[in-house]
Enquirer: 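Let me give you the structure first, and then I'll get to my questions.
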Amino acid sequence: MKRLFSVVLALAMLLTAAALAETTIGVNIQEFSNAYLTEMRNGLQKTADELGLTLDIVDGQSSEAVISNNIDLFLTKGYEILAVNMMNTTGAADILEKTSRDGVPVVFFNVEPEADVLAANPGNYYVGAKAEESGVMQGEALISYWNSAEGADRNGDGVLQYVMIMGDPGHQDSILRTEYSVKTITDAGIQVEEVAKDVANWARADGQDVMARIIAAHDDIEAVICNNDEMALGAIEALKAAGYLVDGGTFIPVVGVDCNAEAKIAIKEGTMYASVFNDAYGQADAVVKLCKLIADGEEPTSENLGYTMDGQYVWVPYIPVTTENLDTIGG
């Protein structure tokens, strides 16, 4: 009898372990072609492989309709937890209305839900970084440049003339980075003038096209602020084509966010002035580990997650990046 009990117990343990190993997380990525989200996708898979979890990762194709259909499909498949990178911050209400009916928790990432919507749905979470902090760091980089670089005030009028290139205007990162980068500069007592502002949809090609149009209409640009590195890299190509940032050409500081591999090269060669490290792998790691805790029935805490939790929020901090600390930044 004792032996039979041992066999049954061992079998039960094996079945439990197999069930845990077979946990599948339904993951929606807003857009597979986005460079930063590709880093996150790779990071999600890396941590899932380490933890023995299965991911069903699908492309939202930057479409609210496609994303909604993806959520429906996940629920039809019976997944016990979802990780969702949605289109806009306002999309969370509709998603949570669907998932709450089936009792399926959601870990949002990269696009932050409206605070009141998340608060009204306990047991659901957001993993990301505080977007306003990245804007502050961009502003601080340009303050340093303005106060220390010879010829920073190209026209000598005491006013920093800047260009703002935005990502998706409905994305909280675009809104807050745009606001706080400029606010940080003005709070430091520096007068500013917005020469131009345009949307480049987080994309390098769009950033290049937007910047080329702005250069054709303005010759008084003293700084370029971009909501991410891909747009900044595009802006840099347009500036180079116009004779800036090349040997013998005028230097104009360009700042971005993410500190991706190509941005690191640009900072090292001196064509990008600064970026802000947005830890894609760290955030992805936190997303998968948080999903596992929830799937295992554990209450997530800063201690068992390994990342700072603030209620329903998990924050992975930004790091400002210049040539001085470039070699210390992972990514």
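Predicted, not measured: the structure shown is a model, and the values here were computed from it.
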Enquirer: Check whether any side-chain heavy atom of Thr301 sits under 4.5 Å from a side-chain heavy atom of Leu305, and report yes or no.
Expert: no
Enquirer: Looking at every heavy atom in both Ser134 and Val276, which two are closest together, and how far apart are they?
Expert: O-CG2, 3.8 Å
Enquirer: Can you tell if the side chain of Gln30 reaches within under 4.5 Å of the side chain of Met86, non-hydrogen atoms only?
Expert: no
Enquirer: Less than 3.5 Å apart, which donor and acceptor atoms pair up between the side chains of residues 222-234 and the rest of the protein, not counting sequence neighbours?
Expert:
| from | atom 1 | to | atom 2 | distance (Å) |
| --- | --- | --- | --- | --- |
| Glu222 | OE1 | Gln161 | N | 2.9 |
| Glu222 | OE2 | Arg154 | N | 2.9 |
| Glu222 | OE2 | Asn155 | N | 3.4 |
| Asn227 | OD1 | Gly167 | N | 3.0 |
| Asn227 | OD1 | Ser174 | OG | 3.4 |
| Asn227 | ND2 | Thr178 | OG1 | 3.3 |
| Asn228 | OD1 | Met231 | N | 3.0 |
| Asn228 | ND2 | Trp202 | O | 3.2 |
| Asp229 | OD1 | Val257 | N | 3.1 |
| Asp229 | OD1 | Ser275 | OG | 2.9 |
| Asp229 | OD2 | Cys259 | N | 2.4 |
| Asp229 | OD2 | Asn260 | N | 3.2 |
| Asp229 | OD2 | Ser275 | OG | 3.1 |
| Glu230 | OE1 | Arg204 | NE | 3.3 |
| Glu230 | OE1 | Arg204 | NH2 | 3.4 |
| Glu230 | OE2 | Arg204 | NH2 | 3.0 |
| Glu230 | OE2 | Asn260 | ND2 | 3.3 |

Enquirer: Taking the side chain as every heavy atom from C-beta outward, state whether Val104 and Tyr79 have any pair of such atoms under 4.5 Å apart.
Expert: no
Enquirer: Going from OG1 on Thr23 to CD1 on Ile25, what distance comes out if it is rounded to the nearest 0.5 angstrom?
Expert: 7.5 Å
Enquirer: With a 4.5 Å cut-off on side-chain heavy atoms, are Ile185 and Val182 touching?
Expert: no
Enquirer: Report yes or no: does His218 contribute a side-chain atom to a donor-acceptor pair with the main-chain N or O of Asp220 at less than 3.5 Å?
Expert: no
Enquirer: Counting distance only, does the side-chain N/O of Asn88 pair as donor-acceptor with the main-chain N or O of Gly91 below 3.5 Å?
Expert: no
Enquirer: Measuring from Leu82:CG to Ile95:CD1, what's the distance to the nearest 0.5 Å?
Expert: 9.0 Å
Enquirer: Of all the heavy-atom pairs spanning Ala152 and Trp146, show the shortest one and how long it is.
Expert: O-CZ3, 3.6 Å
Enquirer: Do Tyr180 and Val316 share a hydrophobic cluster, counting only Ile, Leu, Val, Met, Phe, Trp and Tyr and linking them when any side-chain heavy atoms are less than 4.5 Å apart?
Expert: no
Enquirer: Which word best sums up how the rings of Phe251 and Tyr145 line up, parallel for under 30°, tilted for 30 to 60°, or perpendicular for over 60°?
Expert: tilted
Enquirer: Looking only at heavy atoms, which two atoms of Gly158 and Asp153 are closest? And how far apart?
Expert: N-OD2, 2.7 Å
Enquirer: Rounded to the nearest 0.5 Å, what separation is found between the OG1 atom of Thr322 and the CD1 atom of Ile329?
Expert: 9.0 Å
Enquirer: Give the intermediate values and the outcome of side chain to side chain contact (heavy atoms under 4.5 Å, CB included) for residues Glu193 and Tyr162.
Expert: CA-CA 6 Å; Glu193 178 187 351; Tyr162 72 91; 5.9 Å; no
Enquirer: Are any side-chain N or O atoms of Ser100 and backbone N or O atoms of Gly103, one a donor and one an acceptor, separated by less than 3.5 Å?
Expert: no
Enquirer: Applying a strict under-4.5 Å side-chain criterion to I, L, V, M, F, W and Y, I'd like to know whether Phe277 and Leu326 cluster together.
Expert: yes
Enquirer: If you count heavy atoms of other groups shown closer than 6.0 angstrom to CG of Asp219, is the number above 12?
Expert: no
Enquirer: Roughly how far, to the nearest 0.5 Å, is the NZ atom of Lys292 from the CG atom of Asn304?
Expert: 10.5 Å
Enquirer: Will you find, in the side chains of Asn201 and Asp206, an N or O donor that is under 3.5 Å from an N or O acceptor?
Expert: yes
Enquirer: Report the C-alpha distance between Tyr125 and Leu290 in whole Å, list the side-chain angles of each, state the deciding distance to 0.1 Å, and finish with yes or no for side chain to side chain contact (heavy atoms under 4.5 Å, CB included).
Expert: CA-CA 9 Å; Tyr125 297 87; Leu290 180 57; 3.7 Å; yes
Enquirer: Does any N or O in the side chain of Asp296 come within less than 3.5 Å of the main-chain N or O of Glu298, such that one atom is a donor and the other an acceptor?
Expert: no
Enquirer: Please report the shortest heavy-atom distance between Gly135 and Thr184, naming the atom on each side.
Expert: O-OG1, 4.4 Å
Enquirer: I want to check something: taking the side chain as every heavy atom from C-beta on, are Glu194 and Lys197 in contact at a cut-off of under 4.5 Å?
Expert: yes
Enquirer: Give the intermediate values and the outcome of side chain to side chain contact (heavy atoms under 4.5 Å, CB included) for residues Tyr318 and Asp279.
Expert: CA-CA 7 Å; Tyr318 289 107; Asp279 190 354; over 6 Å; no
Enquirer: Around Lys240, counting heavy atoms of other residues, nucleotides and ligands shown, do more than 12 lie under 6.0 Å from its NZ?
Expert: yes
Enquirer: If you take all heavy atoms of Ile143 and Ala188, which pair is closest and at what distance?
Expert: CD1-CB, 3.5 Å
Enquirer: Mind checking whether Val254 and Val136 sit in one hydrophobic cluster, side chains of I, L, V, M, F, W, Y counted as touching below 4.5 Å?
Expert: no
Enquirer: Are Ile221 and Met211 side-chain neighbours, meaning at least one heavy-atom pair lies under 4.5 Å?
Expert: yes
Enquirer: Using a distance-only test with no angle check, is there a side-chain donor-acceptor pair under 3.5 angstrom linking Lys98 and Ser68?
Expert: yes
Enquirer: Taking Ser302 for its side chain and Met309 for its backbone only, find out whether a donor-acceptor pair lies under 3.5 Å.
Expert: yes
Enquirer: Take the angle between the ring planes of Tyr313 and Tyr126 and call it parallel below 30°, perpendicular above 60°, tilted in between.
Expert: perpendicular
Enquirer: If we check side chain to side chain contact (heavy atoms under 4.5 Å, CB included) with Ile29, which of these qualifies: Ile57, Ile67, Thr38, Asn70?
Expert: Ile57
Enquirer: How far apart are the closest heavy atoms of Lys289 and Thr47, and which atoms are they?
Expert: CG-CG2, 4.2 Å
Enquirer: Does the side chain of Glu39 pick up a donor-acceptor pair with the side chain of Tyr281 at under 3.5 Å?
Expert: no
Enquirer: Between Gln45 and Leu55, is the side chain to side chain contact (heavy atoms under 4.5 Å, CB included) condition met? List the steps.
Expert: CA-CA 7 Å; Gln45 192 62 63; Leu55 302 185; 4.0 Å; yes
Enquirer: Does any N or O in the side chain of Thr89 come within less than 3.5 Å of the main-chain N or O of Glu112, such that one atom is a donor and the other an acceptor?
Expert: yes
Enquirer: Quick one, Val27 and Phe109 - any side-chain contact, counting heavy atoms below 4.5 Å?
Expert: yes
Enquirer: Inspect the surroundings of CD in Gln191 and state if more than 12 heavy atoms from other residues, nucleotides or ligands are less than 6.0 Å away.
Expert: no
Enquirer: Which distance, rounded to the nearest 0.5 Å, do you find between the CE of Met87 and the OG of Ser62?
Expert: 5.0 Å
Enquirer: For Ala131, is there any backbone N or O sitting under 3.5 Å from a side-chain donor or acceptor partner on Arg177?
Expert: no
Enquirer: Taking atom types as modelled, is there a side-chain donor on Glu31 or Ser33 under 3.5 Å from an acceptor on the other?
Expert: yes
Enquirer: Okay, side chain of Gln172, backbone of Asn110: is any donor-acceptor separation there less than 3.5 Å?
Expert: yes
Enquirer: Is it the case that the side chains of Asn325 and Thr328 hold a donor-acceptor pair, with the cut-off being a distance below 3.5 Å and no angle test?
Expert: no
Enquirer: Whether the Glu269 and Thr271 side chains hold a donor-acceptor pair (N or O, under 3.5 Å, no angle test) is what I'd like checked.
Expert: yes
Enquirer: Does a side-chain heavy-atom distance below 4.5 Å link Asn124 with Leu96?
Expert: yes
Enquirer: To the closest 0.5 Å, what do you measure between CD (Gln61) and CG (Asn28)?
Expert: 9.5 Å
Enquirer: Output, in order, the C-alpha distance, side-chain angles, deciding distance and verdict of salt bridge (Lys or Arg N to Asp or Glu O under 4.0 Å) for Lys46 and Asp285.
Expert: CA-CA 8 Å; Lys46 179 177 181 293; Asp285 185 64; over 6 Å; no
Enquirer: Applying the 4.5 Å side-chain criterion to the ILVMFWY set and letting contacts propagate, would Val195 and Leu239 be lumped into a single cluster?
Expert: yes
